[in-house]
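Quick note: numbers below take in every heavy atom, side chains included, and nothing from hydrogens, waters or symmetry partners.
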Amino acid sequence: MLKKMVLAGCFMAAMMGSSFAAQQTYVLGSGGTYRPFEFENSQKQLEGFDIDIIKAVAKAEGFDIKLVNTPWEGIFATLNSGDRDIIISGITITDKRQQMVDFSAPYFPAEQSIVVPNGSKVDSVNALKGQKVGVVNSSTGDIVVSEVLGKNSTDIKRFDNTPLMLQELYEDGLGAAVGDVGVVKYYIKNHPEKEFKLVPDSKFERQYFGIAVAKGNQELLGKINAGLKKIVADGTYAKIYTQWFDANVPTLPEK
(Lines give C-alpha, C1' and ligand atoms only; values in the text may rest on other atoms or scores of the structure.)
Protein backbone atom coordinates (compact mmCIF):
# COMPACT_ATOMS: atom_id res chain seq x y z
CA MET A 1 0.00 0.00 0.00
CA LEU A 2 2.83 2.36 0.95
CA LYS A 3 4.58 1.62 -2.34
CA LYS A 4 1.42 2.53 -4.27
CA MET A 5 1.11 5.80 -2.34
CA VAL A 6 4.74 6.69 -3.07
CA LEU A 7 4.30 5.93 -6.76
CA ALA A 8 1.09 7.96 -6.85
CA GLY A 9 2.90 10.84 -5.15
CA CYS A 10 5.73 10.69 -7.66
CA PHE A 11 3.23 10.62 -10.52
CA MET A 12 1.42 13.70 -9.18
CA ALA A 13 4.69 15.55 -8.63
CA ALA A 14 5.78 14.74 -12.17
CA MET A 15 2.46 15.97 -13.51
CA MET A 16 2.67 19.19 -11.53
CA GLY A 17 6.25 19.71 -12.63
CA SER A 18 5.33 19.28 -16.27
CA SER A 19 2.47 21.77 -15.96
CA PHE A 20 4.81 24.41 -14.54
CA ALA A 21 7.43 23.67 -17.19
CA ALA A 22 4.83 24.21 -19.88
CA GLN A 23 4.73 27.96 -19.11
CA GLN A 24 6.86 29.41 -21.91
CA THR A 25 9.40 32.17 -21.21
CA TYR A 26 10.14 34.69 -23.96
CA VAL A 27 13.12 37.05 -24.03
CA LEU A 28 11.90 40.62 -24.46
CA GLY A 29 14.07 43.48 -25.70
CA SER A 30 13.26 47.06 -24.81
CA GLY A 31 15.32 50.25 -24.87
CA GLY A 32 15.66 52.00 -21.53
CA THR A 33 15.81 55.61 -22.71
CA TYR A 34 12.28 56.63 -23.78
CA ARG A 35 10.42 57.80 -20.68
CA PRO A 36 7.57 57.10 -19.93
CA PHE A 37 7.42 54.08 -22.28
CA GLU A 38 10.57 52.31 -21.11
CA PHE A 39 13.31 53.53 -18.81
CA GLU A 40 15.61 52.26 -16.08
CA ASN A 41 14.67 52.95 -12.47
CA SER A 42 17.21 53.50 -9.67
CA GLN A 43 17.68 49.71 -9.37
CA LYS A 44 18.54 49.49 -13.09
CA GLN A 45 15.28 47.64 -13.76
CA LEU A 46 13.11 48.43 -16.76
CA GLU A 47 9.76 50.06 -16.12
CA GLY A 48 7.27 52.20 -18.02
CA PHE A 49 4.00 52.06 -19.92
CA ASP A 50 5.30 49.55 -22.48
CA ILE A 51 6.65 47.30 -19.74
CA ASP A 52 3.33 47.31 -17.87
CA ILE A 53 1.46 46.52 -21.09
CA ILE A 54 3.61 43.54 -22.09
CA LYS A 55 3.56 42.17 -18.52
CA ALA A 56 -0.25 42.36 -18.55
CA VAL A 57 -0.38 40.64 -21.96
CA ALA A 58 1.92 37.87 -20.71
CA LYS A 59 -0.20 37.36 -17.59
CA ALA A 60 -3.40 37.24 -19.64
CA GLU A 61 -1.94 34.60 -21.97
CA GLY A 62 -0.06 32.58 -19.37
CA PHE A 63 3.52 33.06 -20.50
CA ASP A 64 6.58 34.59 -18.83
CA ILE A 65 8.96 37.25 -20.09
CA LYS A 66 12.60 37.95 -19.38
CA LEU A 67 13.31 41.68 -19.76
CA VAL A 68 16.59 42.70 -21.39
CA ASN A 69 17.59 46.35 -21.82
CA THR A 70 18.39 46.54 -25.53
CA PRO A 71 19.82 49.64 -27.27
CA TRP A 72 17.61 51.03 -30.03
CA GLU A 73 20.41 50.73 -32.57
CA GLY A 74 20.15 47.18 -33.82
CA ILE A 75 17.07 46.26 -31.79
CA PHE A 76 15.32 44.81 -34.87
CA ALA A 77 18.32 42.60 -35.66
CA THR A 78 17.96 40.88 -32.27
CA LEU A 79 14.69 39.32 -33.47
CA ASN A 80 16.18 37.94 -36.66
CA SER A 81 19.20 36.53 -34.81
CA GLY A 82 16.97 34.86 -32.23
CA ASP A 83 18.51 36.77 -29.30
CA ARG A 84 15.10 38.29 -28.57
CA ASP A 85 11.63 36.82 -29.06
CA ILE A 86 9.70 40.07 -28.62
CA ILE A 87 10.60 43.76 -28.79
CA ILE A 88 8.53 46.60 -27.36
CA SER A 89 10.18 50.01 -27.37
CA GLY A 90 7.82 52.74 -28.54
CA ILE A 91 8.09 51.33 -32.07
CA THR A 92 5.96 53.10 -34.66
CA ILE A 93 4.38 50.71 -37.15
CA THR A 94 5.58 51.66 -40.64
CA ASP A 95 5.51 49.95 -44.03
CA LYS A 96 9.31 49.72 -44.06
CA ARG A 97 9.47 48.06 -40.65
CA GLN A 98 6.67 45.65 -41.56
CA GLN A 99 8.99 44.22 -44.20
CA MET A 100 11.49 43.31 -41.44
CA VAL A 101 9.26 42.18 -38.55
CA ASP A 102 5.67 41.23 -37.78
CA PHE A 103 3.70 43.68 -35.65
CA SER A 104 0.89 43.14 -33.20
CA ALA A 105 -2.33 45.10 -33.35
CA PRO A 106 -1.69 48.76 -32.38
CA TYR A 107 -1.48 49.41 -28.65
CA PHE A 108 -0.79 53.17 -28.50
CA PRO A 109 -1.67 56.16 -30.75
CA ALA A 110 1.58 58.03 -31.28
CA GLU A 111 0.84 61.24 -33.14
CA GLN A 112 2.32 64.68 -32.46
CA SER A 113 0.46 67.37 -30.53
CA ILE A 114 0.73 71.11 -29.92
CA VAL A 115 1.39 72.16 -26.32
CA VAL A 116 0.45 75.62 -25.09
CA PRO A 117 -0.26 77.37 -21.77
CA ASN A 118 -3.89 77.02 -20.67
CA GLY A 119 -4.73 80.62 -21.60
CA SER A 120 -3.36 80.40 -25.15
CA LYS A 121 -5.64 81.01 -28.14
CA VAL A 122 -3.61 78.73 -30.43
CA ASP A 123 -6.07 76.15 -31.79
CA SER A 124 -4.27 74.64 -34.79
CA VAL A 125 -0.93 74.28 -36.55
CA ASN A 126 -1.77 77.24 -38.81
CA ALA A 127 -2.31 79.39 -35.72
CA LEU A 128 1.37 78.90 -34.89
CA LYS A 129 2.29 81.56 -37.46
CA GLY A 130 3.78 84.52 -35.66
CA GLN A 131 4.62 82.42 -32.59
CA LYS A 132 7.97 81.21 -31.29
CA VAL A 133 7.55 77.42 -31.59
CA GLY A 134 9.65 74.73 -29.95
CA VAL A 135 10.25 71.36 -31.60
CA VAL A 136 12.53 68.39 -30.96
CA ASN A 137 15.26 68.50 -33.59
CA SER A 138 14.53 66.33 -36.69
CA SER A 139 11.28 64.97 -35.18
CA THR A 140 7.96 64.60 -36.99
CA GLY A 141 6.88 67.79 -35.23
CA ASP A 142 9.91 69.60 -36.66
CA ILE A 143 8.92 68.50 -40.17
CA VAL A 144 5.28 69.64 -39.84
CA VAL A 145 6.10 72.98 -38.21
CA SER A 146 8.80 73.61 -40.83
CA GLU A 147 6.19 73.13 -43.56
CA VAL A 148 3.96 75.78 -41.97
CA LEU A 149 6.55 78.34 -40.84
CA GLY A 150 9.37 77.57 -43.29
CA LYS A 151 12.33 75.30 -42.56
CA ASN A 152 14.70 78.21 -41.93
CA SER A 153 12.20 80.32 -39.98
CA THR A 154 13.74 82.11 -37.01
CA ASP A 155 10.47 81.43 -35.14
CA ILE A 156 11.36 77.72 -34.86
CA LYS A 157 13.53 76.78 -31.90
CA ARG A 158 14.93 73.25 -31.95
CA PHE A 159 15.72 71.23 -28.80
CA ASP A 160 17.47 67.94 -28.04
CA ASN A 161 14.57 66.59 -25.99
CA THR A 162 11.01 67.25 -24.89
CA PRO A 163 11.61 68.23 -21.22
CA LEU A 164 14.05 70.98 -22.24
CA MET A 165 11.54 72.26 -24.79
CA LEU A 166 8.65 72.31 -22.31
CA GLN A 167 10.73 74.05 -19.65
CA GLU A 168 11.41 76.82 -22.18
CA LEU A 169 7.67 77.02 -22.88
CA TYR A 170 7.01 77.35 -19.14
CA GLU A 171 9.56 80.15 -18.84
CA ASP A 172 7.75 82.11 -21.60
CA GLY A 173 10.57 81.65 -24.08
CA LEU A 174 8.07 80.05 -26.51
CA GLY A 175 4.47 80.62 -27.53
CA ALA A 176 3.91 76.92 -28.25
CA ALA A 177 5.70 73.60 -28.59
CA VAL A 178 5.12 70.44 -30.62
CA GLY A 179 6.04 66.97 -29.39
CA ASP A 180 5.17 63.27 -29.10
CA VAL A 181 1.74 63.08 -27.48
CA GLY A 182 2.69 60.31 -25.04
CA VAL A 183 5.82 62.04 -23.77
CA VAL A 184 3.95 65.35 -23.48
CA LYS A 185 0.97 63.82 -21.65
CA TYR A 186 3.31 62.20 -19.14
CA TYR A 187 5.11 65.52 -18.59
CA ILE A 188 1.84 67.40 -18.06
CA LYS A 189 0.62 64.75 -15.61
CA ASN A 190 3.80 65.11 -13.57
CA HIS A 191 3.94 68.93 -13.76
CA PRO A 192 0.36 70.13 -13.17
CA GLU A 193 1.71 73.40 -11.79
CA LYS A 194 2.83 74.40 -15.28
CA GLU A 195 -0.78 74.45 -16.53
CA PHE A 196 -0.26 73.26 -20.08
CA LYS A 197 -2.89 71.93 -22.47
CA LEU A 198 -2.79 69.86 -25.66
CA VAL A 199 -4.11 71.06 -29.02
CA PRO A 200 -4.56 68.32 -31.65
CA ASP A 201 -4.48 69.01 -35.40
CA SER A 202 -5.31 66.85 -38.42
CA LYS A 203 -1.99 67.81 -40.01
CA PHE A 204 -0.38 65.40 -37.55
CA GLU A 205 -0.60 61.95 -39.10
CA ARG A 206 -2.13 59.33 -36.80
CA GLN A 207 0.50 56.68 -36.16
CA TYR A 208 0.55 53.73 -33.77
CA PHE A 209 3.04 51.77 -31.72
CA GLY A 210 3.14 48.00 -32.13
CA ILE A 211 4.80 45.04 -30.43
CA ALA A 212 7.19 43.22 -32.79
CA VAL A 213 8.18 39.58 -33.27
CA ALA A 214 10.37 37.87 -35.87
CA LYS A 215 8.88 37.63 -39.35
CA GLY A 216 6.65 34.57 -39.60
CA ASN A 217 6.32 33.88 -35.85
CA GLN A 218 2.54 33.65 -36.03
CA GLU A 219 2.18 31.53 -32.91
CA LEU A 220 3.75 34.15 -30.64
CA LEU A 221 2.05 37.00 -32.49
CA GLY A 222 -1.30 35.28 -31.94
CA LYS A 223 -0.65 35.09 -28.19
CA ILE A 224 0.27 38.78 -28.02
CA ASN A 225 -2.80 39.88 -29.99
CA ALA A 226 -5.07 37.66 -27.89
CA GLY A 227 -3.54 39.12 -24.72
CA LEU A 228 -4.03 42.68 -25.96
CA LYS A 229 -7.70 41.96 -26.65
CA LYS A 230 -8.15 40.55 -23.17
CA ILE A 231 -6.54 43.46 -21.32
CA VAL A 232 -8.55 45.99 -23.32
CA ALA A 233 -11.80 44.08 -22.65
CA ASP A 234 -11.26 43.63 -18.91
CA GLY A 235 -10.18 47.23 -18.22
CA THR A 236 -6.51 46.48 -17.49
CA TYR A 237 -5.36 48.54 -20.48
CA ALA A 238 -7.42 51.56 -19.36
CA LYS A 239 -6.01 51.29 -15.84
CA ILE A 240 -2.40 51.24 -17.10
CA TYR A 241 -3.02 54.10 -19.56
CA THR A 242 -4.60 56.29 -16.88
CA GLN A 243 -1.74 55.58 -14.49
CA TRP A 244 0.88 56.83 -16.95
CA PHE A 245 -1.02 59.48 -18.91
CA ASP A 246 -4.58 60.67 -18.31
CA ALA A 247 -8.20 59.52 -18.30
CA ASN A 248 -8.65 60.05 -22.08
CA VAL A 249 -8.10 56.37 -22.87
CA PRO A 250 -7.91 55.86 -26.66
CA THR A 251 -10.02 53.46 -28.66
CA LEU A 252 -7.54 51.18 -30.43
CA PRO A 253 -8.09 49.87 -33.96
CA GLU A 254 -8.11 46.12 -34.46
CA LYS A 255 -5.45 44.70 -36.74
Side-chain angles (χ1 to χ4, degrees), residues 14-41 43-110 182 207-241 243-245 250 252-255:
M15 288 296 290
M16 288 177 69
S18 66
S19 67
F20 286 122
Q23 184 141 313
Q24 181 76 44
T25 298
Y26 295 105
V27 180
L28 182 134
S30 186
T33 58
Y34 188 38
R35 191 182 296 263
F37 294 96
E38 45 274 321
F39 58 96
E40 281 191 339
N41 60 25
Q43 285 78 46
K44 296 293 183 181
Q45 296 169 327
L46 285 170
E47 62 177 72
F49 174 79
D50 283 357
I51 306 305
D52 286 351
I53 289 295
I54 195 61
K55 284 181 176 178
V57 166
K59 183 179 179 181
E61 282 299 292
F63 62 83
D64 292 324
I65 53 171
K66 178 185 177 183
L67 293 171
V68 181
N69 194 336
T70 306
W72 175 259
E73 298 79 11
I75 196 169
F76 293 99
T78 65
L79 288 179
N80 298 326
S81 67
D83 291 336
R84 306 287 183 272
D85 300 304
I86 306 167
I87 55 174
I88 183 170
S89 200
I91 304 169
T92 303
I93 300 169
T94 66
D95 290 342
K96 184 178 180 180
R97 288 172 180 165
Q98 284 179 314
Q99 294 172 16
M100 299 187 294
V101 299
D102 283 340
F103 280 107
S104 69
Y107 72 91
F108 188 85
Q207 295 179 309
Y208 290 95
F209 290 163
I211 302 165
V213 301
K215 201 77 181 163
N217 193 346
Q218 292 303 305
E219 180 183 354
L220 179 52
L221 193 65
K223 290 181 183 180
I224 293 170
N225 282 330
L228 279 172
K229 276 190 176 182
K230 287 177 183 176
I231 67 170
V232 169
D234 69 12
T236 301
Y237 178 90
K239 183 178 178 182
I240 295 170
Y241 186 95
Q243 174 193 340
W244 287 101
F245 303 110
L252 298 172
E254 293 195 16
K255 193 169 182 181

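The distance between the ring centers of Phe245 and Phe37 falls below 6.0 angstrom.
At distances below 3.5 Å, at least one donor-acceptor pair connects side-chain atoms of Asn225 with backbone N or O atoms of Ala105. Under a 3.5 Å cut-off, the side chain of Asp52 and the backbone N or O of Ile240 do not form any donor-acceptor pair.
A pairwise comparison of heavy atoms in Arg35 and Glu40 identifies NH2-O, 4.5 Å as the closest pair. Across all non-hydrogen atoms, the minimal contact from Ser104 to Ile224 is CB-CG2, 3.9 Å. Closest non-hydrogen pair, Pro109 versus Tyr208, comes out as CA-CD2, 3.6 Å. Here the shortest heavy-atom pairing between Thr25 and Ile65 reads CG2-C, 4.4 Å.
Considering Phe108, Trp244, Tyr107 as possible partners of Asp50, the one that fulfils the side chain to side chain contact (heavy atoms under 4.5 Å, CB included) test is Tyr107.
A distance of 7.5 Å separates CD1 of Ile211 from CD1 of Ile53, quoted to the nearest 0.5 Å. Glu47 contributes atom CD, which lies 11.0 Å from atom CG of Leu67 (distance to the nearest 0.5 angstrom). In this structure, NZ in Lys215 is found 11.5 Å from CG in Leu79, a value given to the nearest 0.5 Å. Taking CD1 of Ile231 as the start and NZ of Lys55 as the end, the distance is 13.5 Å to the nearest 0.5 Å. With rounding to the nearest 0.5 Å, the separation of CZ in Phe39 from CD in Gln45 is 11.5 Å. For the atom pair CG (Leu252) and NZ (Lys229), the distance works out to 12.5 Å, reported to the nearest 0.5 Å.
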Could you give the side-chain donor-acceptor pairs of residues 83-93 under 3.5 Å, partners two or more places apart or in another chain?
residue : atom : partner : partner atom : Å
Asp83   : OD2  : Ser81   : OG           : 3.2
Arg84   : NE   : Thr70   : OG1          : 2.9
Arg84   : NH2  : Thr70   : OG1          : 3.3
Asp85   : OD2  : Val27   : N            : 2.8
Ser89   : OG   : Gly31   : N            : 3.0

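Looking at residues two or more places apart in sequence or on another chain, you find no side-chain hydrogen bond (donor to acceptor under 3.5 Å, both in side chains) involving Gln243. Residues that satisfy the side-chain hydrogen bond (donor to acceptor under 3.5 Å, both in side chains) test with Lys59, not counting sequence neighbours, are absent from this structure.
Aromatic ring orientation, Tyr26 versus Phe63: perpendicular (interplanar angle above 60°, classes split at 30° and 60°).
No more than 12 heavy atoms of other residues, nucleotides or ligands lie within 6.0 Å of NZ in Lys66, so this atom counts as exposed by the packing criterion.
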